[in-house]
Amino acid sequence: MIKEWATVVSWQDGVALVSCDVKASCSSCASRAGCGSRVLNKLGPQTSHTIAVPSDQPLVAGQKVELGIAEGSLLTSAMLVYLSPLAGLFVMGGVFQMLFGTDLAAMCGAALGGVGGFWLAKGLSPRLTAREAWQPVILSVALAPDQLRVETLSSEAR
């Protein structure tokens, strides 16, 4: 199970809207100049993701919850997104090379296969995300922000 903490934005009718912050490890690495992840993080302006998660327990805005998602679902979705366009690229490139015998035809077939693999992944993803095993679940709930009170003793009271 992959776990991540999120902040509750709102709770209504058994569904919690939670916000997860995007974490980048760019500040801890020494090779910042040549890092591809750092460049990709700069391209996207979105620093948080908001998702809806079912919750029977009433939650308060600002409350922290621990979300979990099955590792198998995450790995399968990553394979679908990355491998289906790649497989389409190689298969259609090879088929067009065998049929037409030119590099230009193989290149066109590879492009068609890559786009077709992307469309396949896009078409299958709504069906897969509808599965209950692929949905994030709330594993634990922290105290509400107004329930936590910390008292410190002054040096005179000791």
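Residue numbers run from 1 in the order of the sequence given. Since the model is a prediction, treat every value here as computed from it, not as a measurement.
Residue pairs that meet the side-chain hydrogen bond (donor to acceptor under 3.5 Å, both in side chains) test with at least one member in residues 124-136, sequence neighbours left out, do not exist here. Here side-chain hydrogen bond (donor to acceptor under 3.5 Å, both in side chains) pairs that include residues 66-78, with residues two or more places apart or in two chains, are Glu66-Ser140. Listed by first then second residue, pairs satisfying side-chain hydrogen bond (donor to acceptor under 3.5 Å, both in side chains) with a partner in residues 99-120 number zero, not counting sequence neighbours.
Its side chain within the 4.5 Å cluster rule, Ile138 clusters with Val8, Trp11, Val18, Ile51, Val53, Leu59, Val65, Leu67, Val141 among the Ile, Leu, Val, Met, Phe, Trp and Tyr residues. Alongside Met107, the hydrophobic cluster contains Leu104 (criterion: ILVMFWY side chains under 4.5 Å). Hydrophobic clustering, defined by side-chain heavy atoms of Ile, Leu, Val, Met, Phe, Trp and Tyr closer than 4.5 Å, leaves Met98 isolated from every other such residue. Taking Ile, Leu, Val, Met, Phe, Trp and Tyr as hydrophobic and joining them when side-chain heavy atoms fall under 4.5 Å apart, one finds Val137 in a cluster with Met1, Leu139.
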Contacts table for residues 79-90: side-chain donor-acceptor under 3.5 angstrom, sequence neighbours left out:
unit_1, atom_1, unit_2, atom_2, d
Ser84, OG, Leu80, O, 2.5
Ser84, OG, Gly117, O, 3.1

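Evaluation of the side chain to side chain donor-acceptor pair (under 3.5 Å) rule for Lys64 yields Thr7 as partners, not counting sequence neighbours. By the side chain to side chain contact (heavy atoms under 4.5 Å, CB included) test, Ala52 is found to be paired with Val15, Leu17, residues two or more places apart in sequence or in another chain being considered. Every residue was checked against the side chain to side chain donor-acceptor pair (under 3.5 Å) condition with Gln97, not counting sequence neighbours, and none meets it. Take Phe100 and apply the ring-ring contact (aromatic ring centres under 6.0 Å, His included) test, not counting sequence neighbours, and it matches Phe96.
Note on Leu99: it clusters hydrophobically with Val91, by side-chain heavy-atom contacts below 4.5 Å among ILVMFWY residues. Hydrophobic clustering (side-chain heavy atoms under 4.5 Å, transitive across Ile, Leu, Val, Met, Phe, Trp, Tyr) groups Phe118 together with Val115.
To the nearest 0.5 Å, atoms CD (Gln57) and CD (Gln63) are separated by 6.5 Å.
Here the closest non-hydrogen pair linking Pro136 and Pro54 is O-CD, 4.5 Å.
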